[in-house]
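Only heavy atoms go into these numbers, but all of them, side chains included; no hydrogens, no water, no symmetry mates. Below, chain A is the first sequence line, B the second, and so on; all start at residue 1.
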Number of protein chains: 2
Amino acid sequence: MEKPSVTVDIILFTITEETLKVLLVKRRIEPFRNMWALPGGFVGMNETLDQAAKRELQEETGVKEHYLEQLYTFGEPERDPRGRVITISYFALINSKNLKLKADTDVIEAEWFSIDNLPELAFDHKEILNYALERLRYKLEYTTVAFQLLPKKFTLTELQKAYEIIFNKSLDKRNFRKKILSLGLIEETKETSKGAHRPAKLYSFTKQHKQLENFIKSYSISQSK
Amino acid sequence: MEKPSVTVDIILFTITEETLKVLLVKRRIEPFRNMWALPGGFVGMNETLDQAAKRELQEETGVKEHYLEQLYTFGEPERDPRGRVITISYFALINSKNLKLKADTDVIEAEWFSIDNLPELAFDHKEILNYALERLRYKLEYTTVAFQLLPKKFTLTELQKAYEIIFNKSLDKRNFRKKILSLGLIEETKETSKGAHRPAKLYSFTKQHKQLENFIKSYSISQSK
DNA sequence: CCAAAAGTGTTAGTGATACACCCATGT
DNA sequence: ACATGGGTGTATCACTAACACTTTTGG
């Protein structure tokens, strides 16, 4: 019996230069040669879908640590001109301090694009990206994923900026701090930031946060008995 | 190149006899012969994933109208002993008035099971079902999916019961009514229920509700340009 | 000393919760 | 007339949103 091909595509977000960015790679083969596309590739016969996504991501960025979560599966019969290809999309976040792009990627041309200055994308990748964006904004409201975009120690202003960049609107400083601190997810460190002006306290995640994060992840794929 | 097989599995919920039920079918072939499993089957080469789910569901229940939404894609290499099978799971709701089970299903033995009295399930279907249940409860909190389990016209008590059954806890009648009515999603009809006691007003969804529902659905697969 | 970012409290409004009795109908 | 489910209002509490000035540092 004829079978469809199965791939994973990854939408990897980060924040740099006060902008939300997504990683794209340039296609070197037809179809859509020389166009930009989401990183991804075929699922191996002996790896899980999560593993496939992780592997592809590492091949592109050389980075191992990141938040990764399955997003949605796209399977329109005509989405790839070469034939039936079903793709499981994954949503990933990384903090800009972690990323040393192109470590392993001499072969592949990969680049960060600001999400409000995107090139034309191959296949239905524009649609997939839009969906990922909605999901990112949506998840921000009820989870702590934004923390994934920050380094281990960060200032409250940095955290607030991350929210503002993703929601694309400004937030009230006092209310933001009140709320974040009341959640008990982060705690002061003894360190402070250095810079031109008044130093800011650095915060880090509490153990509670780690627990919550794991809870949210495990929530995605429930344990059975 | 070797390819995995791709299937869809459907978790169809309904409420009857004041219980949340799920539709299962009995397997007639190995592996797991004579065990109960989620309805589903292979994705055709020329249908979308949604179409495949709809088709399978109709083959099992003979019913066309139902809420259907993609849930999660499971792809552990060992989940099917016959070889690599990736399954895209779908989450479906139907109201018990609509269902005339086994219309088309003389060949397949299909049955409703109360979710707190389930048989052992084939493959990883227990895990998939658990995930669907979590999602159902979760979605109930911020969407109007519960309405899909009710007939077009319904009493507030029926609606409340649906919530109580799914959450498995009792709710305050006055608060429930206040909240539901304040949402403006339902409106009174001129009809009332008949029965042994005081007749209850029947309600139906407003246009607003339809809009919200469509919004939520389209939210799942965003439009691109 | 000044520019720039850090830090901090109060008030008003809105939504959530807890709670108990009367009403309309069929038998 | 009574049993059964239908229907209603108020008070408290918690959370959200709006809003402006002082503090600390480097240059």
Atom [atom1] of [X] and atom [atom2] of [N]: how far apart are they, to the nearest Å?
X	N	atom1	atom2	value
Lys201(A)	dA5(C)	NZ	C1'	15 Å
Lys169(A)	dA17(D)	NZ	C1'	11 Å
Leu202(B)	dG7(D)	CG	C1'	15 Å
Leu181(B)	dA16(C)	CG	P	14 Å
Ile180(A)	dC15(D)	CD1	P	15 Å
Asn175(A)	dA12(C)	CG	C1'	13 Å
Arg174(A)	dA5(C)	CZ	C1'	15 Å
Asp172(B)	dA20(C)	CG	C1'	11 Å

If a protein heavy atom is under 4.0 Å from the base, mark B; if only from the sugar-phosphate, S; if neither, -; do that for nucleotides 21-27 of chain D going 5' to 3'. --BBBS-
Decide, yes or no, whether a salt bridge links Glu111(A) with Lys26(A) under the criterion of side-chain N to carboxylate O below 4.0 Å. no
Per the atom types in the model, does the base of dT10(D) pair as donor or acceptor with the side chain of Lys178(B) at under 3.5 Å? yes
Quick one: does any side-chain atom of Gln51(A) pair with a main-chain N or O of Thr48(A) as donor and acceptor, under 3.5 Å? yes
Under 3.5 Å donor-acceptor, Arg137(B) side chain and Ile166(B) backbone: yes
Looking only at side-chain N and O atoms, does Thr73(B) offer a donor or acceptor that is under 3.5 Å from a partner on Thr73(A)? yes
Near [X] [atom1], under 6.0 Å, is it more than 12 heavy atoms from other residues, nucleotides or ligands?
X	atom1	result
Lys21(A)	NZ	yes
Glu141(A)	CD	yes
Lys161(B)	NZ	no

Does dG7(C) have its OP1 or OP2 closer than 4.0 Å to a side-chain nitrogen or oxygen of Arg177(A)? yes
Taking only side-chain nitrogens and oxygens of Thr157(A), does any of them come within less than 4.0 Å of OP1 or OP2 of dA6(C)? yes
